[in-house]
Amino acid sequence: MTIARRSWLKGSAALGLGLSLIQPARADTKNYRRGNDADPETLDPHKTSTVAEAHILRDLYEGLLTYDNFGKIIPGAAESWTVSGDRLTYTFTLRADGRWSNGDAVTAEDFVFGLRRILDPKTAAKYAEVLYPIRGAAALNRGEAAPDTLGVTAPDSRTVVIALAEPVPYLLELLTHQTSLPVHRPSIAQYGDAFTRPGRLVSNGPYALVDMVPNDRITLTKNPHFRDAAAIPIETVAFIPTPDLSAAVRRYAAGEIDSLSDLPADQMVSLRRRFGDQVQLSPVLGLMAIAVNVRKKPFDDVRVRRALSLVIDREFLAQAVWGETMGPAYSLCPPGLDNYRDPPELPGREILPIDREEQARALLSEAGYGPGKTPLTVEYRFNTTDNNRNTAVALADMWRGLGIATRLVNTDAKTHFAYLRDGGDFDLARYSWYADYADPQNFLFLLKTGNDGFNTGKWSSPAFDGLLEQAASERDVAKRAGLLFEAESIVVNELPWIPVLHFRSKALVSPRLHGIHPNLRNVAPTRFLALS
């Protein structure tokens, strides 16, 4: 089986071998052409959910805290903060010179308004649940309490006080995330949901929105009112969507793009040979999984889910399909998270592939599928990139060995994730997740009952939910880790999501672009970069 897969891959990899290295065009040092995974679905920070959107928002906005280009948490809109002895109250002092891109002062009330807005059920924020550690957040988000009951207050224009229901070890990192960003109140009052359009969007970060052309680019220019504007080398940054990775590499080679945030994995050998250390690889806290619609037969049967998982050759996918730019995933949580232990793994890793296939056949037969029984056809949905397409073809080949026919459906990223979030009908779907903060809760909360924005298959486990609730109130970090380990053990046993690969960042960075340092958070804010 492995030989057949290698022969299939050979034709795919050959697509990239004929590319010739073109002398990059001369470009100025003020305008950065930044390859980005996809077009954003929205630039409303309280309604976003993808990595591509996060990259843009990191330039447009600034939270109380933010990241530098090494992935380190640094002061943002807040210049300092204190934490109470019981770790339940955080008090932040804003910078006196904080300004919105129209010159308005950034005030503490902007942060209070922003946190109330994202948790207001009328906003329908996909990410709201991530803020539930804040006192009163869950009740507000469920429509059970008024906005002024939220544990976020502004005693004066430069002081933000955040009160927690229970202490959490990741609160400061959470405040770097787009869920915690402020929004410009007068703009929302004037334009409503249309405040994100060019000419209307007012932001408080190092850059401001200038133009937005779907499928072409989103252009930002330096915010002249940002406190460090004079020290920021890059004047404008154009975020260019690059779902066609082979075409993106050609544009990079021609000097039309200065960096790429993703690469065609089947061309990695060729890319390393051509570009040398311009190819940058690094571990990151991310997961690629298959979301299973457990509301539909036969996927409501755990035996079917286990059979599908057992025959996935994760080592082949990581090495041959992804060119070692991914690692095999036998757990939901990736290695390297804070406040945790080694995560529980799927059973069967130590078993030979042929024995795993036998087990899978037996499970399918017990469930009523296979030779002489009901044939099984599955639909696998994915967002379109070269890497995702090659993975889908390889998965279909692996399932074919069990007599399963696979129908592939692909759309652009915006359509794919919106379809899943909006309750679209599906069998199996590619799902990816990068950590918002380096804690196992940030992966496990995705599958909580009622978290419909992310738990697309509507899986529900009272035991799992109960463990997450216990962990939320557990102050002992080691005991909390044990509770989260038990919760993840339920996931790898029930497989509402089938872990497939853990991410590594893969990028092409021009020699004339300086300041990018690969890091676990996969962040590189433009304000810290420079072009030569």
Side-chain angles (χ1 to χ4, degrees), residues 13-40 43 50-53 55-56 58-60 69 198 207 209-222 232-281 323 325 383-389 412-414 505-516 518 522 524-532:
L15 294 173
L17 298 181
L19 299 177
S20 59
L21 182 60
I22 302 171
Q23 182 66 31
R26 185 175 181 82
D28 62 49
T29 62
K30 300 297 184 182
N31 302 301
Y32 174 25
R33 291 81 48 89
R34 184 168 189 158
N36 200 23
D37 301 347
D39 259 341
L43 289 180
T50 69
V51 173
E53 292 164 337
H55 290 323
I56 302 170
R58 201 171 288 119
D59 280 356
L60 284 172
N69 50 330
Y207 291 89
L209 179 65
V210 174
D211 196 17
M212 183 186 302
V213 181
N215 303 313
D216 181 57
R217 66 189 58 216
I218 292 174
T219 305
L220 316 183
T221 190
K222 191 159 60 172
I232 295 175
I234 293 175
E235 296 284 346
T236 65
V237 52
F239 285 87
I240 301 169
T242 57
D244 185 336
L245 298 178
S246 294
V249 169
R250 290 193 291 271
R251 295 185 67 185
Y252 173 87
E256 298 175 8
I257 298 178
D258 299 308
S259 68
L260 296 178
S261 60
D262 198 4
L263 301 176
D266 59 337
Q267 298 176 26
M268 288 309 298
V269 173
S270 169
L271 292 173
R272 287 191 182 103
R273 184 171 63 246
R274 296 172 57 213
F275 296 112
D277 59 9
Q278 295 175 52
V279 177
Q280 295 187 0
L281 304 178
T325 62
N383 54 300
T384 307
T385 70
D386 298 341
N387 296 341
N388 292 345
R389 184 181 298 106
D412 64 272
K414 182 165 59 174
S505 65
K506 46 194 179 299
L508 263 176
V509 179
S510 169
R512 77 187 201 94
L513 179 63
H514 309 284
I516 289 185
N522 194 29
T526 302
R527 63 180 278 210
F528 297 110
L529 310 182
L531 291 160
S532 62

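Below, each value reflects all heavy atoms present in this structure, side chains not excepted, and no hydrogens, waters or symmetry copies. Keep in mind it's a predicted model, so treat the numbers as computed, not measured.
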*Could you tell me which residues satisfy side chain to side chain donor-acceptor pair (under 3.5 Å) with Tyr32, sequence neighbours excluded, listed by chain and number?*
Ser259

_Donor-acceptor pair, side chain of Asp386 and main chain of Ser246, under 3.5 angstrom_ = yes

*Considering only heavy atoms from C-beta outward, does the side chain of Leu260 approach that of Arg251 to under 4.5 Å?*
no

*Tell me, please, which residues at least two apart from Thr50 pass side chain to side chain donor-acceptor pair (under 3.5 Å).*
Glu53

*May I have the step-by-step check of side chain to side chain contact (heavy atoms under 4.5 Å, CB included) for Leu263 and Thr325, ending in yes or no?*
CA-CA 9 Å; Leu263 301 176; Thr325 62; over 6 Å; no

*Could you walk me through whether Gln267 and Leu245 pass the side chain to side chain contact (heavy atoms under 4.5 Å, CB included) check?*
CA-CA 10 Å; Gln267 298 176 26; Leu245 298 178; over 6 Å; no

*If you take all heavy atoms of Asn522 and Ser505, which pair is closest and at what distance?*
OD1-CB, 3.6 Å

*How long is the gap from CD1 on Ile218 to NE2 on His55, to the nearest 0.5 Å?*
12.5 Å

*asked:* As an exercise, state the distance from CD1 of Ile234 to NE2 of His514, rounded to the nearest 0.5 Å.
replied: 10.0 Å

_Can a donor-acceptor pair be found, under 3.5 Å and without considering hydrogens, that links the side chain of Arg34 to the backbone of Ile56?_
no

*Show your reasoning for whether side chain to side chain contact (heavy atoms under 4.5 Å, CB included) applies to Thr242 and Tyr252.*
CA-CA 11 Å; Thr242 57; Tyr252 173 87; over 6 Å; no

*Asn383 side chain to Lys414 main-chain N or O, any donor-acceptor pair under 3.5 Å?*
no

*Would you sort out whether Arg389 and Thr384 count as a side chain to side chain contact (heavy atoms under 4.5 Å, CB included), showing the intermediate values?*
CA-CA 7 Å; Arg389 184 181 298 106; Thr384 307; 3.1 Å; yes

*With sequence neighbours excluded, what pairs up with Asp39 under the salt bridge (Lys or Arg N to Asp or Glu O under 4.0 Å) test?*
none

_Shortest non-hydrogen contact between Met212 and Leu209, atoms and distance_ = CE-CD2, 4.2 Å

*State which residues pass side chain to side chain donor-acceptor pair (under 3.5 Å) with Thr219; sequence neighbours excluded, sorted by chain then number.*
none

*Taking only residues two or more places apart in sequence, or in another chain, which ones meet Ala247 in a side-chain contact (heavy atoms from CB on, under 4.5 Å)?*
Asp244, Arg250

_I need the Leu529 CG to Ile232 CD1 distance, nearest 0.5 Å._
10.5 Å

*Measure the spacing between CD of Gln278 and CG of Leu513 and express it to the nearest 0.5 Å.*
10.5 Å

*asked:* Arg217: which residues meet the salt bridge (Lys or Arg N to Asp or Glu O under 4.0 Å) condition with it, sequence neighbours left out?
replied: none

*Taking only residues two or more places apart in sequence or in another chain, which ones pass side-chain contact (heavy atoms from CB on, under 4.5 Å) with Asp216?*
Val213

*Using the side-chain contact (heavy atoms from CB on, under 4.5 Å) rule, pick out the option among Ile240, Thr236, Leu531 that qualifies with Arg33.*
Ile240

*How would you list, by chain and number, every residue that makes a side-chain contact (heavy atoms from CB on, under 4.5 Å) with Gln280, sequence neighbours excluded?*
Val509, Ile516, Pro518

*asked:* Using every non-hydrogen atom in the two residues, find where Pro511 and Ser532 come nearest and quote the distance to one decimal.
replied: O-OG, 4.5 Å

*If you take all heavy atoms of Phe239 and Leu220, which pair is closest and at what distance?*
CE1-CD1, 3.7 Å

*Apply salt bridge (Lys or Arg N to Asp or Glu O under 4.0 Å) to Arg527 and list each qualifying residue two or more places apart in sequence or on a separate chain.*
Glu62, Asp228

*Of the non-hydrogen atoms in Ala38 and Ala413, which two are nearest, and what is the gap between them?*
CB-CB, 3.7 Å

*For Asp37, which residues count as a side chain to side chain donor-acceptor pair (under 3.5 Å) partner, sequence neighbours excluded?*
Ser261

_Results of salt bridge (Lys or Arg N to Asp or Glu O under 4.0 Å) for Asp59 - residues two or more places apart only_ = none

